Amino acid sequence: MSNLKRVHGYLAEFDNAQDLYHAAEHIRDAGYQRWDCHTPFPVHGLDGAMGVSRSKLPWLVFFGGMTGTITAFVLQTITQTNFWRDNMGMGFLQKLVETYPTVVQSKPTGIWTLPAFFPVMFELTILFSAFTVLFGLLALIGLPRLNHPLFTSKKFAKFSDDGFLICIEARDPKFAQQGTRDLLEKVGAKNIELVEDDI
Amino acid sequence: MAAATDTASNANAQQLVLEREPLVLNNRSFSWITNRICGIVENRQPLGWWFLFLPSVLLTGVMVFCFAYLIVTGVGVWGQKQPVDWAWDITNFVFWIGIGHAGTLISAILFLTRQKWRTSVNRAAEAMTIFAVMCAGLFPAFHVGRVWMVWFLAPIPNANAIWQNFKSPLLWDVFAVSTYFTVSLIFWFLGLVPDLATLRDRCKPGIRKALYGIFSLGWRGSNRHWSHYETAYMLLAALSTPLVLSVHSVVSFDFATSVVPGWHATIFPPYFVAGAIFGGFAMVLTLMIPVRKIYGLQDLITMKHIDNMAKIILLTGTIVGYAYCMEFFMAYYGANPFELQTFKLRALHGPSVWYYYAMFFCNVFAPQVFWFKRFRQSLLAVFIVSNFVNAGMWYERYVIIVTTLERHLTPGSWRTFDATWVDNWTFIGTFGFFMMLFLLFLRFLPVIAIGEVKGVKPEADPHYGESHDRGLQEAEVMGETDSEILASQKAAPAH
Amino acid sequence: MSHHHVSFKDLPEGGEKFDPAKASKVIGTFGALAAIGLLGSAYYAFGTHGDTQKGFAYSWLYAIFVGFTFVAGGTFWILLHNASNSGWGVAVRRLFENLGTMALPLGILALPLLIPGVQNTLWEWFGHHRAHPGLEGLHHAAESDPHLHPLVDKYGYLNITFWTIRFVLYFGILWFISTKLRSYFLKQEADGDIKHTVYAREFACMVLLPFALTVTFAAVDWIMALDYTWFSTMWGVYHFAGCAWSSMAAMLLLVIYLQSLGYLQKVVTGEHFHLMGKLLFAFTVFWAYIAFSQYFLIWYANIPEETRFYFIRNTGVWRNVSIFIVIGHFVVPFVFLLQQQLKKSPKFIGFWAAWVIFMHFVDIYWNVIPERAHSMGLEPAPGSDTPFLPGAWVGDVLALCAVVGTIGYLYLRSLGKHSLYAWRDPRLLESANVRN
């Protein structure tokens, strides 16, 4: 391990959610881009104070869910009806899965047996949506990531207890060793620490 | 009105404000909450924990033995005989699935309706859901006898070139229950991530820290993450709500799509759902009342929480009562002699009327004591009634399933069901399995959602204590809380 | 955050009094509708004869039941608000209370349903009971006509005396509940005491069950019994879902209208539209769940005595209406109301509220009217496979105009009597400042 260190950014502490909120408004107005708040719970309205836009996750989930619906529809109609052969002219699909429709309770094998397929269509919609939520979320927030420069700070662990922290990263174009520190002091930060990471 | 203090806010009229009761008592700090909840995991378990854990493990062993015995002998070791082909296995399946529903209700529906009191109980309730669904899944899995053939239920092409019958309610069950289990697990895990990070940050380096670290995914409490996270949580709640309705509806389809008298009723889906929520809340209370006491969580799970849950039990119990009566009314009104006969056998002169009355008493009458605040405020009363409900919901499934089949359409084949020792011990064993899992959960994971409880404290609001708020508080907060009103009402002479 | 915190200093003392003169246009429109509808109805009821006159009985039942669902829905929402100790709805609760009290005028409009001739036309069992009085008479008649056997079995419930008592009770219970609940808050406006809020909650909890039974059995007596052999245990829940759905939509439209006149500016915000929109969405889904379950179980089990209801409605022209209901009552509003942010926009939510009301009219129409031609024994016209009473839809529209016009007119006039919101409710500020 070399002794070289890389500056990650300033980590500043605030007394409570209210101070953090107002500091965030100032930092946003000062034009910083690469910075973040670290809190033990989601603070209401902090997105607005930071200028974070709404998550796009619902759109991903909508399409994930639709995939589930269509999967269930196709799976069931191919294996249980003559819909693809009689109505769509795609009998080869039914050949493909080597099957014949199961006749139940003398109900026909046409597309109007559809209500019997709703339960599975519904369940797969939910299942696919839920998977999209989980994996979409992880993709959007870039986790799991087990190591991070902030973990080198002793103080940082307070975020998961009762700490309200702001970190302005050195990657930010507006970052300046003195100027950024002054700004943080001005907005009421306590215990400002320069976080450095081993290279 | 004893303590009402009037404040002039308008020129003449006096205006009072009815305060909401605090969700965290004694104004505990954020770090007190962290310490208290993490302490459960970090400290040695109290004697009570071991006292419950060892018998649970023993009973789990009994369950394993019973299932092993079933596999090596055959499903004939259960008491099913013509015409009662479905008996305890499906009764227990429906019972356990139902227990799970309250967990999803608390975590999803109360979340969507912004019922903040849910935060103190949702974690444990979700854990309960998952464990209950695991117990439920055992019965259909093992009732096939050759349990290694269970994969035939999945729509995977197999050598016989036979596909599952997607029009069968039993296959919908497979989809519904497996989706329910998966989504509940995702929901639970997602909610755990920030709290696992708290545990990780408090651990000394070692295997525990590594494990908590891996499962907390490197969570940093970043607001840019919280923003997506909250959306994801809301989405999962919005997905779980119709899911939980669908699961018990699909379970009810097992019966209601048939033409069996007593089973075919259009009200079955919502009636099953209401019953499931009802039974599930009873199980939540059964578990949480002792947990609250053993671990000293009175400031987080307050009497207000207990009171709310008791009221939900009263409400859903009444809905269940409505459904019982509606079934009866329609059996009469529908003028179908077979349907009416089934209900007469259930309630008047069948071989199992005792079960029917036990069901009615436990589910409809016992919860009525919750009309009175005195009973909602008594932990003992709530605990006893909850256990009545737990039992009552099992009787309900037994009544629907077994008593109907005992007197099927062909009188020549009538036979009363008798449970065997394997039936009994398998069912008792699942309770041990359920308790064992729940106790392990208490031991290793935070029983209360730490981050969420912090979030419902008033000082979590970024505008807490601001000038206009402060003005408001000084001028108008002189009102009373709910319980004070009720107390003064009791004290006051009749109005 | 530009969110301004509303305090008592911002709100006028005595609340906001609605001045009907300001809304003269809309009140006038309702009045005109009522006048046209009532005159037309009078013509159909007294000026026609034979099938046309008989068919109009169905029109009137349809209109009355539409009105009933709105009134019952209004009562339900105030019950829920009080029983659940909720806060956000205080700003709009008075509007629902007033809607519930419309049970009284609606009950008066429903009086024609007590005329024996109307009853015999609508509900065949009345005719059989009158032709063969008493249980003995029915029993005797059933020996030669086996179709009457169910009526013998149902005699304890379906008999004229009990039916009439229930008829009065349905309107009476709804009127009593809503008037009583409103009176607690009117008293509170006089003395400012918090205890009224607590009493209202206790009262609401106690009448929840009677309310549920009222809606259930009203739907059974008036609609399900149009065919006395048909039954479904889900019936009450199905109509309850429609009640809650339609009344919420009506009140959304009303709040938007009142705001456009300059009322409720301080206490009702976009958050209220969002919350009411969410409830509208929730009941869109709940209705679909109930409607699907009922249809599905009857379709799947395929028992002849049950399938008749759907058989009539799922064949011929009515099949198109059924499919339209699936799409218009569920799919379309579901997709649009899914949009979270749009629900805060009055224009958006107003449009969908109006759509919901329209679809609710269609849904009740689909429940009541298909039975008409079958009960009257009409044959399909040449080239058609569905029996219809020709031109009867004019009577249906006139009856709907008469009932909706009269109730709307009386409702808006009655709004001026009290403040538009409970201005001394101890949760008023909680409601005005609600955020979700």
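None of the values given here were measured: they were computed from a predicted structure. Sequence lines set the chain letters: A, B, ... in the order given, protein chains first and strands last, and positions in each chain run from 1.
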- Item | Max heavy-atom pair count under 4.5 Å with chain B, selected residue of A/K158, A/H44, A/H148 | A/H148
- Message: In this structure, is the centre-to-centre distance between the rings of A/F117 and A/F73 below 6.0 Å?
- Response: no
- Query: Are A/F41 and B/F30 an aromatic pair by the rule of ring centers under 6.0 Å?
  - Reply: yes
- Query: Nearest 0.5 Å, what's the CD1-CG distance between B/I450 and B/D195?
  - Reply: 4.0 Å
- Message: Can you tell me if B/K116 has over 12 outside heavy atoms packed within less than 6.0 Å of its NZ?
- Response: no
- Message: Please identify, among B/T231, B/L239, B/V453, the residue contributing the most non-hydrogen atom pairs under 4.5 Å to chain A.
- Response: B/L239
- Task: Let me know if B/T182 has heavy atoms under 4.5 Å from chain A in its side chain, its backbone, both or neither.
- Result: side chain
- Message: Could you tell me if B/S246 and B/Y180 have a donor-acceptor pair between their side chains, going purely by distance under 3.5 Å?
- Response: no
- Query: chain A heavy atoms under 4.5 Å from B/P169: which part of the residue, side chain, backbone, both or neither?
  - Reply: neither
- Item | Interface residue of largest heavy-atom contact number with chain B, from A/G163, A/A49, A/A72, A/A130, under 4.5 Å | A/A130
- Answer with side chain, backbone, both or neither: which region of B/I214 has an atom nearer than 4.5 Å to a non-hydrogen atom of chain A? both
- Note on the structure: One option among B/H225, B/E452, B/R224 has the most heavy-atom pairs under 4.5 Å with chain A, and it is B/R224
- Report the C-alpha separation of B/S107 and B/N122 in whole Å, then their side-chain angles, then the decisive distance to 0.1 Å, and conclude whether the side-chain hydrogen bond (donor to acceptor under 3.5 Å, both in side chains) test is met. CA-CA 5 Å; B/S107 52; B/N122 72 329; over 6 Å; no
- Query: In terms of heavy-atom proximity below 4.5 Å to chain A, should B/L190 be classed as side chain, backbone, both, or neither?
  - Reply: side chain
- Message: Please classify the contact of B/R200 with chain A as side chain, backbone, both or neither, using a heavy-atom distance under 4.5 Å.
- Response: side chain
- From the list B/R220, B/K454, B/R202, B/H228, the residue making the most non-hydrogen contacts under 4.5 Å with chain A is B/R220
- Note on the structure: Honestly, the part of A/N16 sitting under 4.5 Å from a heavy atom of chain B is neither
- Item | Interatomic distance, A/D197 atom CG to A/F151 atom CZ [nearest 0.5 angstrom] | 11.5 Å
- Residue, of A/D36, A/L20, A/V133, that accumulates the most heavy atom pairs under 4.5 Å with chain B: A/D36
- Query: What part of A/L46 is in contact with chain B, defined as an atom under 4.5 angstrom from a non-hydrogen atom: side chain, backbone, both or neither?
  - Reply: both
- So, do B/F215 and B/Y212 have ring centers that fall under 6.0 Å from each other? no
- Is atom CD of B/E42 surrounded by more than 12 heavy atoms (other residues, nucleotides or ligands) closer than 6.0 Å? yes
- Return the option, out of A/V52, A/L165, A/V120, with the maximum number of heavy-atom pairs under 4.5 Å with chain B. A/V120
- Note on the structure: Counting heavy-atom pairs under 4.5 angstrom with chain A, the leader among B/G213, B/S216, B/A176, B/A197 is B/A176
- Task: Please flag which part of B/I186 lies under 4.5 Å from any non-hydrogen atom of chain A: side chain, backbone, both or neither.
- Result: side chain
- Query: Would a line drawn from the ring center of B/W226 to the ring center of B/Y229 be shorter than 6.0 Å?
  - Reply: yes
- Task: Assign the ring pair B/F255 / B/W263 to parallel, tilted or perpendicular, where the plane angle (0 to 90°) is split at 30° and 60°.
- Result: perpendicular
- Query: Among A/L138, A/V43, A/L140, A/T132, who wins on heavy-atom pairs under 4.5 Å with chain B?
  - Reply: A/L140
- Message: For B/F187 together with B/Y233, are the ring centres under 6.0 Å from each other?
- Response: yes
- Task: Name the option with the most non-hydrogen atom pairs under 4.5 Å to chain A; the candidates are B/S227, B/P242, B/G221.
- Result: B/G221
- Specify which of A/G142, A/S129, A/G65 makes the most heavy-atom pairs with chain B at under 4.5 Å. A/S129
